[in-house]
Colleague: 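Next up is a structure, given as structure tokens.
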Amino acid sequence: MPYDDSAPQPESASSVSPDRPWFTRRSTLAVAIAAIAPLCLAGWVLVEVTTGAGADDGRPPAAAQPPAAPPSSQPRPQGSASASASASPSASASASASPGQSTAAAPAKGPLAGRTVVIDPGHNAGNFKHTSEIDKQVDIGTGRKECDTTGTTTNAGYLEADFTLDVSKRLGAILEAKGIKVVFTHQAPDRPFGPCIDERARIGNAANADAVVSVHADGVAEGNRGFHVILPAKVKGGAADTANIVGPSRELGERIAGNFTRTTGSAPSNYVGGGTGLVVRDDLGGLNLSTRPKVFIECGNMRDAKDAALLNSPEWREKAAQGIANGIVGFLGG
Ligand code: ZN
């Protein structure tokens with residue numbers, strides 16, 4: 001609604017509203033004329049009382065309005081905001097001024113509405129052009145490590161960073177459709193490189209995420225095939241203390257591994273994890289610094305021709321995203 005007729009409208013003097021009566025735009029002039037011709041004033045007052053001062057939207061005059069709308073802090077049935085706004089200027093002002101309205105109006109679907117998942121697309125395609133920045137050492141609690149790495153590629157040059165971002169976006173769409181709040185650590189090229197691994201962890205912590213998944217693909221010798229999920233080891237040092245997340249992260253990882261096999265048909269890694277598809281590591285800053293349940297998934301081996309063919313396929317990537325999503329949803333109890 002462009003006007004609030006309970007407040008001064010300095011802009012109305014210069015703006016021309018074609019559907020607005022001339023006498024409300026030229027009220028000063030009308031008063032001047034009325035002072036000279038009392039009969040004109042009487043007629044003007046009659047019109048004002050009938051239509052409501054400054055009315056431009058067909059609202060009834062103030063005397064005809066219903067009792068005051070409930071305060072905006074009280075719950076309102078969905079869809080009532082616009083009705084209240086058109087019936088009451090105060091409701092209109094509070095609705096448009098409240099920053100919480102967009103959240104309140106978000107679709108609340110299913111039992112997972114309001115839960116938060118942080119998705120961390122591994123690496124960043126821009127890292128190749130920012131090697132000095134990503135080589136900078138950062139504190140991971142238990143030691144120091146490079147800010148970030150370039151990631152691997154297939155033999156044909158498909159970047160791991162492009163793969164991880166694609167799967168992450170697909171995963172985000174599936175989760176958001178269930179009403180889950182999704183936060184990405186980045187969506188390159190929204191930032192030229194990184195984030196650094198310590199910041200990736202902090203983003204999950206700051207979001208108070210119910211689950212965090214870092215999406216990757218591996219780059220090892222031909223013949224090594226399959227996926228594996230990396231779980232945080234119990235570590236303590238500096239800002240790293242994973243004692244509280246080791247258990248729930250394992251549950252998250254087991255659910256993702258099981259669902260990933262079901263949706264993609266891929267077998268667990270034949271080169272790590274002893275056929276379980278699960279590997280525990282204590283050297284990853286993104287896990288060590290996390291205070292929220294978190295796992296990495298290596299979706300396949302980009303350097304193996306058969307795995308690379310899968311990773312290259314949009315249809316397979318959708319199945320991969322679905323498998324990860326199903327694991328997360330199961331973990332969240334949805
Ligand atoms: Zn990676």
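Ligands are counted one by one from 1 in listed order, and the atoms in each one are counted from 1 as well.
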Colleague: Is there a side-chain contact between D218 and D307 in this structure, where contact means two heavy atoms from C-beta onward sitting under 4.5 Å apart?
Modeller: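 Counting from C-beta outward, D218 and D307 never come under 4.5 Å.
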Colleague: Any non-hydrogen side-chain atom of H130 less than 4.5 Å from a side-chain atom of P192?
Modeller: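 Side chain of H130 against side chain of P192, heavy atoms only: contact under 4.5 Å found.
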Colleague: ND1 (H216) to the Zn ion (ligand 1) to OE2 (E160): angle, nearest 10 degrees?
Modeller: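 Between ND1 of H216 and OE2 of E160, the angle at the Zn ion (ligand 1) is about 100°.
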Colleague: Has D218 got an N, O or S atom lying less than 2.8 Å from the Zn ion (ligand 1)?
Modeller: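 No - counting backbone and side chain alike, D218 has no N, O or S atom under 2.8 Å.
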Colleague: What atom name does the N, O or S atom of H123 nearest to the Zn ion (ligand 1) carry?
Modeller: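 Per the distance ranking, H123 contributes NE2 as its closest N/O/S atom to the Zn ion (ligand 1).
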Colleague: Would you tell me whether D148 and N127 have side-chain atoms, one donor and one acceptor, within less than 3.5 Å of each other?
Modeller: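 Short answer, yes.
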Colleague: Classify the angle between the aromatic ring planes of H216 and F296 as parallel (below 30°), tilted (30 to 60°) or perpendicular (above 60°).
Modeller: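 If you compare the ring of H216 with that of F296, the planes turn out parallel.
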